[in-house]
Amino acid sequence: TPLYSSAASDVYKRQINQFTGMNFNHLINTYRINEVKSMIIQERELLNLTEVMYAVGFVNRSTFYKVFLKHTGLSPKEFKALVLDQDVQI
């Protein structure tokens, strides 16, 4: 049955791409980064970025920072500083 699982997985990935215009990894990372941004905005200075990174499913800090920067144009630390300096709302 591994062939079936792989084939089903490919079908789901194609459907995701068709309906969202994003590949599976990009969709998941978009969701993760939006969740991180929301957590930073809601928790403000009480937040530990490493804990948030793990909470949304990233296991590698450099990957987390790279993906966050790609999606927001800011590092997680820069985004958090911006939130603390301004009254950022979702």
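Computed over heavy atoms, backbone and side chain alike; hydrogens, waters and symmetry mates excluded.
Remark: side-chain polar atoms of Thr30 are paired, donor with acceptor, to backbone N or O of His26 under 3.5 angstrom. Remark: the backbone N or O of Ser75 is paired with a side-chain donor or acceptor of Glu78 at under 3.5 angstrom.
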(message) Please determine whether side chain to side chain contact (heavy atoms under 4.5 Å, CB included) holds for the pair Val36 and Tyr31, giving the CA-CA distance in whole Å, both sets of side-chain angles, and the decisive distance to 0.1 Å.
(response) CA-CA 9 Å; Val36 169; Tyr31 172 79; over 6 Å; no
(request) With side chain to side chain contact (heavy atoms under 4.5 Å, CB included) as the test, would you mind laying out the steps for Ile33 and Val56 before giving the verdict? (result) CA-CA 8 Å; Ile33 296 305; Val56 299; over 6 Å; no
(message) Could you go through Phe64 and Asn29, starting from their C-alpha distance and side-chain angles, then the distance that decides it, and tell me whether this counts as side chain to side chain contact (heavy atoms under 4.5 Å, CB included)?
(response) CA-CA 9 Å; Phe64 170 57; Asn29 285 335; over 6 Å; no
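To the nearest 0.5 Å, the span separating CZ on Arg32 from CG on Asn25 amounts to 8.5 Å.
Residues forming a side-chain contact (heavy atoms from CB on, under 4.5 Å) with Phe24 (at least two apart in sequence, or on another chain): Lys13, Ile16, Ile28. Partners of Asn60 by side chain to side chain donor-acceptor pair (under 3.5 Å), not counting sequence neighbours, listed by chain and number: Ser62, Thr63.
For the pair Met53 and Arg61, the tightest heavy-atom approach, listed with the atom from each and the gap, is SD-CA, 3.5 Å. The shortest heavy-atom contact between Met39 and Ala55 is CE-CB, 4.3 Å.
In this structure, Val52 is a member of the same hydrophobic cluster as Leu82, with clusters built from ILVMFWY side-chain heavy atoms closer than 4.5 Å. Linking Ile, Leu, Val, Met, Phe, Trp and Tyr residues whenever their side-chain heavy atoms come within less than 4.5 Å places Tyr54 and Phe79 in a single cluster.
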Ignoring hydrogens and angles, write down the donor-acceptor pairs under 3.5 Å from the side chains of residues 66-74, residues two or more places apart or on other chains.
{"unit_1": "Thr72", "atom_1": "OG1", "unit_2": "Phe68", "atom_2": "O", "d": "2.8"}
{"unit_1": "Thr72", "atom_1": "OG1", "unit_2": "Leu74", "atom_2": "N", "d": "3.1"}
{"unit_1": "Thr72", "atom_1": "OG1", "unit_2": "Leu74", "atom_2": "O", "d": "2.8"}

